[in-house]
There are 2 protein chains.
Amino acid sequence: MRASDRAYESLVEEIQGGALAPGAVIGEAAQAARLGVSRTPMREAIGRLVADGLVRQQSPRVLVVAGFDGGDIRALFETRRALEETAARLAAARGDAVAFGELAAEFRAAHPESGSRAADDYYALIARFDAALDVAVDNVYLTQALRPIRAHLARARRIARDNAGRLRDSVAEHALIAEAIAAGDPELAAHATHVHLHHALTSILSSIEHATPTEGPQ
Amino acid sequence: MRASDRAYESLVEEIQGGALAPGAVIGEAAQAARLGVSRTPMREAIGRLVADGLVRQQSPRVLVVAGFDGGDIRALFETRRALEETAARLAAARGDAVAFGELAAEFRAAHPESGSRAADDYYALIARFDAALDVAVDNVYLTQALRPIRAHLARARRIARDNAGRLRDSVAEHALIAEAIAAGDPELAAHATHVHLHHALTSILSSIEHATPTEGPQ
DNA sequence: GATTCGGCAAATGTATACATAAAAGGGCAA
DNA sequence: TTGCCCTTTTATGTATACATTTGCCGAATC
């Protein structure tokens with residue numbers, strides 16, 4: 001594996017996991033030294049983070065981890081709705097009914113509310129669902145547009161992490177989406193996605209208000 | 001301006017304009033020498049092109065200009081619909097009525113069918129409309145998702161270039177979208193966008209079928 | 001004659017040296 | 001004491017040298 005890929009993945013995980021908090025300064029030399037690569041691959045990794053929107057230019061010379069507040073999450077979900085409702089519609093029209101039937105069954109069988117281990121398994125299942133969606137939609141432009149959205153979503157998930165009731169509802173919502181796709185019902189798939197995203201956003205926003213404001217070190 | 005930016009813009013224009021045809025091999029050293037920069041900024045420029053999807057990996061070691069056939073254009077417009085209908089809806093809800101009213105007037109006054117100079121002016125007007133849309137929507141995720149879409153769209157436009165009748169209809173469609181946004185009518189803005197994209201896609205696809213297949217040198 | 005193995009060449013991946021510019025800190029002057 | 005300017009430092013931007021991997025070509029063997 002290339003050094004630039006390792007550096008990129010490390011930084012993405014640290015940003016998503018909160019180890020690198022919003023506002024943290026990302027300097028080429030500093031990060032390169034910390035992760036044990038030279039400046040060239042680190043430069044490439046940082047370039048990808050900027051393209052993803054996880055890192056942004058604060059001033060001509062200084063890059064910082066992008067902030068991520070309630071307004072950002074609302075904007076993220078607006079874009080998610082646009083892309084994922086379309087993806088659901090297209091998958092229902094084109095997708096492999098068997099594959100989505102099996103995914104629906106897995107969602108029905110999932111019990112992510114029974115511990116953090118189960119929650120992680122559940123997120124892995126969602127990742128497989130997303131991958132199946134990409135295959136079914138068969139549209140590189142849509143898939144590419146979704147990539148950074150999902151990277152930001154991981155940050156939002158962490159904020160609202162481990163709300164047992166929400167996770168229990170979420171599996172049922174995903175199961176319905178998968179079933180609608182398996183049944184070849186585009187409108188139901190799209191509207192079930194809308195419902196799911198509405199509930200997910202509402203839950204995340206209420207988590208934020210009840211938790212401490214997510215402020216990184218300046 | 002940085003050397004990597006110059007290299008990136010040069011390559012984008014050459015790909016959009018067809019000077020670098022689909023399938024053309026993009027080698028770091030070769031392009032760096034041709035454009036008079038060193039490999040480091042060229043490497044960054046090529047990385048951005050790959051992220052945009054204008055260049056793709058053909059094999060582990062060789063990058064080529066991405067193909068762009070009728071199927072790609074259909075996929076591109078599916079994604080465009082998802083993003084631009086949402087953008088139109090949001091702009092109608094939030095946008096500056098005066099700004100879009102003025103843009104609508106400019107569209108009503110445009111006559112792009114009267115020569116290639118007028119057509120270029122018209123594309124510049126569309127670019128200003130897109131910029132106004134980005135401001136009105138005020139959603140970085142949506143704007144970022146639209147960026148590569150627009151880069152690919154420029155390739156599609158070139159294929160269907162200068163169809164006088166189509167351009168005349170296009171201004172009217174854009175005027176309606178701008179008026180709907182100015183009037184604060186989200187549904188009309190979204191559906192007018194849908195209609196516009198439907199006509200644009202139909203026109204481009206028929207141009208392709210009647211023209212010689214767009215094959216680049218292998 | 002075909003297939004496989006080995007070597008060679010050319011490309012990318014990485015490291016580092018050098019250039020340049022911006023920001024911060026200190027010193028001097030008002 | 002404060003503000004401005006100059007210097008110094010440290011950052012990024014660029015170029016280039018070096019390492020590594022891959023793909024191809026040729027020769028030898030089966």
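Only a predicted model underlies this, so the values are computations on that prediction, with no experimental measurement involved. So that the names make sense, note that chain A is the first sequence line, chain B the second, and so on, each numbered from 1. FYI, side chains are in, hydrogens and waters are out, and symmetry mates aren't considered; it's all heavy atoms of this structure.
B:Arg2 comes within contact range of the sugar-phosphate backbone alone, with a heavy-atom separation under 4.0 Å but no base atom that close. Here A:Ser59 lies out of heavy-atom contact (under 4.0 Å) with every strand.
Donor-acceptor pairing under 3.5 Å is lacking for the side chains of A:Gln144 and A:Arg147.
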Can you list the steps and then say if B:Glu9 with B:Arg48 is a salt bridge (charged side-chain N to carboxylate O under 4.0 Å, His left out)?
CA-CA 10 Å; B:Glu9 289 185 15; B:Arg48 290 167 67 182; over 6 Å; no

Is there a salt bridge (charged side-chain N to carboxylate O under 4.0 Å, His left out) between A:Arg128 and A:Glu106 once you walk through the steps?
CA-CA 11 Å; A:Arg128 283 197 290 130; A:Glu106 288 194 69; 2.5 Å; yes

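The base of C:dG13 sits with one of its N or O atoms less than 3.5 Å from a complementary donor or acceptor on the side chain of B:Arg39. Under 3.5 Å, the side chain of B:Arg61 and the base of C:dA10 form no donor-acceptor pair of N or O atoms.
Position along DNA chain C of the nearest nucleotide to A:Pro60 versus B:Thr40 favours B:Thr40 as the more 5'-ward residue.
In this structure, A:Arg43 places its CZ atom 16 Å from P of C:dG13, rounding to the nearest Å. Taking atom CE of B:Met1 as the reference point, atom P of C:dA21 lies 16 Å away to the nearest angstrom. Atom CD in A:Gln57 sits roughly 12 Å away from atom P in C:dA22 (whole-Å rounding). For the pair B:Gln58 CD and C:dA11 P, the computed distance is 15 Å after rounding to whole Å.
Nucleotides of DNA chain D with any atom under 4.0 Å from a heavy atom of chain B span, from 5' to 3', D:dG13 to D:dG23.
Note on B:Asp120 versus B:Arg117: no salt bridge recorded, every NZ/NE/NH1/NH2 to OD/OE distance being 4.0 Å or above. Salt bridge absent: B:Arg74 and B:Asp69 never bring a charged side-chain N and a carboxylate O closer than 4.0 Å.
Between A:His174 and A:Phe129, the ring-plane angle classifies as perpendicular under the 30° and 60° cut-offs.
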